[in-house]
Amino acid sequence: MAKSITNIEKRLPNQEEEDAKAVQQLLKAVGNQRQALLGLLDVVEELQKLGVIDMMRGMLKNSKDIGEIAIEQVNKPGAHRIIKNGMAAVQFVSQVDPSKLQTLLSGLTQGMDAAVEQEPGRKHGGFWGVIKTAREPAVMSSIAMMMRFLKGMGNGLKQPTR
Amino acid sequence: MFSFAIRINDREFSSQPKQSILQVAKTNGYYIPHVCYHEQMGAIQSCDTCMVEVNGELKRACATETEPDMKVDSMTPRAKDAQLEAMQRLLQNHELYCTVCDNNNGNCTLHNTAEFLQVEHQKYKFEPKPYPPDNSNPFYRYEPDQCILCGRCVEACQDVQVNETLTIDWSMERPRVLWDNGLPIDESSCVSCGHCVNVCPCNALMEKSMLGEAGYLTGIPNEVLLPMIDLTKEVEPGYQEIFAISEVEAAMRKSRIKRTKTVCTYCGVGCSFEVWTKDRDILRIQPQVEAPVNGISTCVKGKFGWDFVNSEQRLTKPLIRQGDTFVEATWDEALELVADKLGGIKKKHGPESIGYIASSKCSNEENFIFQKFARAVMGSNNVDNCSRYCQSPATAGLMRTVGIGGDAGSIYDIAAADLTMVIGANPAESHPVLATRVKRAHKLFGQKLIVVDLRQHEMAVRADVFLRPKPSTDLIWLSAVTKYIVDQGWQDQAFLENRVNGIQEYIASLDRYTLEYAEKMTGLGQQDLINMAAMIHEAKSVCILWAMGITQHLGGTDTSTAISNLLLITGNYGRPGTGAYPLRGHNNVQGACDFGTMPAWFPGYEAVQDESVRARYEKAWGVELPGKPGLNNHQMVEAIDDGKLKAMYLFGEDMAIVDSNINHVHAAFEKLDFFVVQDIFFSKTAQYADVVLPAAPSLEKDGTFTNTERRIQRFYKVFEPLGDSKPDWQIIQEVANRLGADWNYTHPSELMAEAASLAPIFAGVSYERLEGWNSLLWPVAPDGQDTPLLFTERFGFPDGKAKLVPVEWTPPFEAGEQYDLHLNNGRLLEHFHEGNMTYKSKGISKKVPREWLEVSPELAQARAIESGALVRLTSPYGQVKVRVEVTERVKGNELYLTMNTSDDEAAVNYLTSSYHDRITHTPSYKEMGVNMEVLEATGEPPIPRNNHRFGNRVPQIGVRVEDKWKRSDYIPIPELIDGGNHSGQIDHQH
């Protein structure tokens, strides 16, 4: 004879058992990853010494407030410009052919060296001196390069911006 | 059908006639951008992103039919400009913040198309719509600001689900999706089926369970999130960079959100879908076009009803009865006790003294191992499942006429039929996704629909012909219609001569079923019967669907037989679009029967009396098997009462609620010496147990289910079993091993392999062949060839011919004169059965908090009651106290009590009797008289007014994109691209 019953007696030591089981599982996992965990603990110790952990805790616990402040700071016209310019610069760099840049930069370096270096015994040659110097092949190729640059830039400026 | 070649971008593809350019591209794995086109729904033509050049003209690839030698370009500057223009128009309605969007899971159609089209910047500024988000529905939200007005949701609601709630009013200044023409979702006719959410190509319609959960950044509070979106937009370098970041984020989500294919555990339709989970949280149910039964379709239970899996009420430890308390125990203690007691009782009283009740909610493999346990280990055929309560009469009726007790074809045949008849079934609520196929065929493709039922349910409202016979008289009108068809010479003579036995004897047996007799007995008019006969005669193909309205009667098997006879006489078997379709109620009630948890059948419907069959199993299992059919559910209860049955082992079945006349059943349970109940919840039945074993539901194990079509489908483990619960097959194996079985099944696939090796109809079934979305409809030949449509060549008898079986009408049970009202009962859409799983969903419980009694307006007036009244119903067997809903769904003295409760005061089976179908012992649940006593004439109505039953549908075909094209601000894309030269040439096919 089994009457309908609805009482269920949960075993009280359950929680302890569950905890013990959880600890067992953890210990097993720790044992399996002993080497990696020891390394990690070392890193943690260093971070603790540097105060990084304290700082991270503070940031994480107040992440919503900090997020709001950060986003507020970033969401200003100046910051917008920095980001946009930064991205424009990055975009510019991404479009330049490294070998051309290399040529240009090495020319620039030599030019700078030449510019600041005083050739001993040579005086300013006056207007004619400049003309004369301009006829030197090295200077001519520099000027021709600049002309080509100006032409290219002009073409670029004529195209509508996005 | 001739195929021909077309060229797309200088590649050649083969096309079938009537295919669109986009279909040809898709079937060949070639990508043409598109957003609104949907593989299952076809061309909607609202987004314009699939513009291509066809022989030089810009056209929509989705709606342009291919022609031989057609030349299509999707990559020319003009085509690309057109596609980009279309995308820009969409983005005017949609704010791109993909990385912080919960829909950024790699499958966002809008994201992927915009990325493909290399959208760099917004051409038309995003303008918020002047409507707030609608969060009123418990399960999903609509965010107008993200809605691109593609119309997929409307198409799905109007023409796939055919609930006809959603529209877009193109005449509004800023159009939006509307529910019932502009109500909050929660107050509309929306049934929360999820179709609209399933097909939304972006995040406008989303499951609430996804919001703030799916992404790494989507949980950020709004105070931070909104400025972040502003910042991104302010400094945006172009969308391509944003897409790159969002792609990375989407890829990261893959390891966090698990997607597992499963098969629904509710009704017998057998929908399959992906379950998206994050740890133990279910984020969404995502159906896929590949799902063989349902495609993108779901119902409220399958889409949103899974909270039960993580319910705190789950059983997680074995329980042992000690005095008047259940005490938690270890598995060892519980299993030891079960083995000890069952072993002892078997020894003392013999193998016949124990009964085994299997579960139609559990897998094929679990049913297989359970019957093997009962037969091979315990030596008893006393094993049965809950099909005894529902579809056994249909199975029996089919077995004696066509030889196979399953649906004759698949859901595709039902959709393809010229005429569908629904008798004593309410598929729109009980088999919702299957019903959508009938509703769609009826709405769009001219399928005729006849509904015969006591209640005017949704299918009845939609039917071309709806008839209400007197209760329990279906056999008479079915036979009268059949007789009329024969009298007119409308029978399929060639079919009968070639394929059917017993014609003369059967036709002679119809003599008494004249139209006059039928009219007198059923209350249906003669002209109605003649019309019905004419419709059946004129239809090229007929499917008949039925359920408990036919089977749960004293003559349930005979009426099922009469249905099959009618189909045979008219030749409606063995061709596409024809056949008999008993609609199975549970996810695996078909499979439970198929895999042998029946007292007279081995797996695959081979009789236990058949010595050669028994010899095959005895050889395989190395034991001697009992050759006498065992007791069925009903006989087990009687045997307990008689003191012959001493113990029972039951799993996954709440017999104390779902059997009829449960006062009687409860008394029997109290007499058992030992009772083992295995379930996921502490059910009503468990209250009578001596040991309760905690089982795991489908999401926590592997296995297969077989749906109403005979389709076997795999489901995969999503979670580990909760607490100490275990999959049923493991528990059964452990019990068996303690009783000496020495089994070592490590995975359900091994059980399926064993079943396939023993039962010929499953010969070619294997887990490999069922991988992923693949499925098999039995019988399956050894080479894996399955049988979606039965009887194309032979019927299931040795000579291959069907049998016409004469049947006689059995008058229904009469409760007596003082019980003046007829009580009908059944399921409803939102809850499954008694609701032990669905009540765990807060959303479902909010929509439908309790059971109700439907009372006709006439009766309500006569008794001076209104919706909300409290009444007591009394039958000869018991009484219940329930609240009234006055509705025209029922008529006259007809009552309908929903069965979604296990409340002792309201469960319908306190009223039903133990009378049963004379052949199968299925209780005659549908035959009861009651009297009604008014306790309170008014009160709170049992159905909240924001239930879909009080909504007002807005039927229309599709999203009416022509109305969009007529707007003054709509410029056809070719016109814009070519400056007006091509106006008038776009493809207005709709």
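Numbered from 1 within each chain, the chains take letters A, B, ... in sequence-line order.
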Results of ring pair (Phe, Tyr, Trp, His ring centres under 6.0 Å) for B:Phe326 - residues two or more places apart only = B:Phe682
Do other residues, nucleotides or ligands put more than 12 heavy atoms under 6.0 Å from [X] [atom1]?
{"X": "A:Phe149", "atom1": "CZ", "result": "no"}
{"X": "A:Arg81", "atom1": "CZ", "result": "no"}
{"X": "A:Met140", "atom1": "CE", "result": "no"}

Of all heavy-atom pairs between B:Thr325 and A:Ile5, which one has the smallest distance, and what is that distance?
-> N-CD1, 3.7 Å
Kindly give the heavy-atom pair with the smallest separation between B:Lys317 and A:Glu18, and that separation in Å.
-> NZ-OE2, 3.4 Å
Contact list for residues 677-687 of chain B, test salt bridge (charged side-chain N to carboxylate O under 4.0 Å, His left out), sequence neighbours left out | B:Lys684-B:Asp904
When rounded to the nearest 0.5 angstrom, what distance separates CG in A:Asn7 from CD in B:Gln687?
-> 10.5 Å
Rounded to the nearest 0.5 Å, how far does CD1 of B:Ile320 lie from CD of A:Glu9?
-> 12.0 Å
Considering only heavy atoms, which portion of A:Ile8 lies under 4.5 Å from any heavy atom of chain B: side chain, backbone, both, or neither?
-> both
